Enquirer: 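Can you keep this structure in mind? I'll have questions shortly.
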Amino acid sequence: MLKTKLLLCSILRFLLIILYCLDSVLVGLKQVSGTRTSNPSSVSLSINGRNFPSITLQPRGRRFQFRCAAKPETVQKVCDIVKKQLALSEDSTVTGESKFAALGADSLDTVEIVMGLEEEFGITVEEDSAQSITTVQDAAEMIDKLLEKQA
């Protein structure tokens, strides 16, 4: 199962590179009237109705970083836990890109969020890993990795 996921992740990375290269070529066509281009930032794969984690392309200065995104249901659960731990209103917008600090969390709040995640998902987060979590997406990816190791 892990080898299959790694293979799919590699395939998605390859597809994303192709899309990025195609987009670069299409940028040169912008001068042609009626041509529309978009900048691909992620690629998803679905085979026989089964969805696999998407790949997100994140600009880092002049370089790009590839990373396999967490499962959407994990991200949603983390968003719900963050809202609960920070006592945010139901209409507050919390997404995978939301940074804990931007949501008003201090270091104690972050510890409480991690404890809530441990309880909800039945995992144990090492202190080093907990300190590296700054966004909902970071937390969701870490959870998926820990759950995969447990399986």
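Predicted model, so just to flag it, every value in this text is computed and none were measured.
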Enquirer: Could you list the donor-acceptor pairs under 3.5 angstrom formed between side-chain atoms of residues 121-130 and any protein atom two or more places apart in sequence or on another chain?
Expert:
residue: E127; atom: OE2; partner: Q131; partner atom: NE2; Å: 3.4

Enquirer: Kindly write out the residues that satisfy side-chain hydrogen bond (donor to acceptor under 3.5 Å, both in side chains) with E120, not counting sequence neighbours, or none if the list is empty.
Expert: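 Here no residue qualifies.
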Enquirer: Do F100 and D106 have side chains that get closer than 4.5 Å, going by heavy atoms?
Expert: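 Answer no - side chains too far apart.
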Enquirer: What heavy-atom pair brings S98 and T93 nearest, and what distance separates the two atoms?
Expert: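 The pair with the smallest heavy-atom distance is OG-O, 4.3 Å.
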Enquirer: Closest heavy-atom contact between T110 and A105?
Expert: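 Looking at all heavy atoms of both residues, the closest pair is OG1-CB, 4.3 Å.
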Enquirer: For Q150, does the CD atom sit with more than 12 other heavy atoms under 6.0 Å from it, leaving out its own atoms?
Expert: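 Result for CD/Q150: enclosed.
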Enquirer: Can you tell me how far CD1 of I113 sits from CE of M115, rounded to the nearest 0.5 angstrom?
Expert: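 That separation rounds to 12.0 Å.
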Enquirer: Which residues pass the side-chain hydrogen bond (donor to acceptor under 3.5 Å, both in side chains) test with S89, sequence neighbours left out?
Expert: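 S89: side-chain hydrogen bond (donor to acceptor under 3.5 Å, both in side chains) contacts with D91, S92.
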Enquirer: Is there a donor-acceptor pair under 3.5 Å between the side chain of K83 and the backbone N or O of V94?
Expert: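 Looks like no, no N/O pair under 3.5 Å.
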Enquirer: Which heavy atom of V75 sits nearest a heavy atom of A70, and at what distance?
Expert: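 Shortest heavy-atom separation between V75 and A70 comes out as CG2-CB, 4.0 Å.
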Enquirer: Compare every heavy atom of A139 with every heavy atom of L117, then report the nearest pair and how far apart it is.
Expert: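 Nearest pair, atom of L117 first, then A139: CD1-CB, 3.9 Å.
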Enquirer: Return the CD to NZ distance between Q137 and K99, rounded to the nearest 0.5 Å.
Expert: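 With rounding to 0.5 Å, CD (Q137) is 13.0 Å from NZ (K99).
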Enquirer: Taking side chain as C-beta onward, heavy atoms only, is E97 less than 4.5 Å from T135?
Expert: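 Answer no - side chains too far apart.
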Enquirer: May I ask you to decide if E141's main-chain N or O and D144's side chain share a donor-acceptor pair within less than 3.5 Å?
Expert: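 Checking the backbone N and O of E141 against the side chain of D144, no donor-acceptor pair under 3.5 Å is found.
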Enquirer: When you group the ILVMFWY residues by side-chain heavy-atom contacts below 4.5 Å and let the links chain together, are I143 and L86 in the same group?
Expert: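 Yes, because L86 and I143 connect within a single hydrophobic cluster, where side-chain heavy atoms sit under 4.5 Å apart.
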Enquirer: What about V114 and L147, same hydrophobic cluster or not, with Ile/Leu/Val/Met/Phe/Trp/Tyr joined at side-chain heavy-atom distances under 4.5 Å?
Expert: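 Yes, because V114 and L147 connect within a single hydrophobic cluster, where side-chain heavy atoms sit under 4.5 Å apart.
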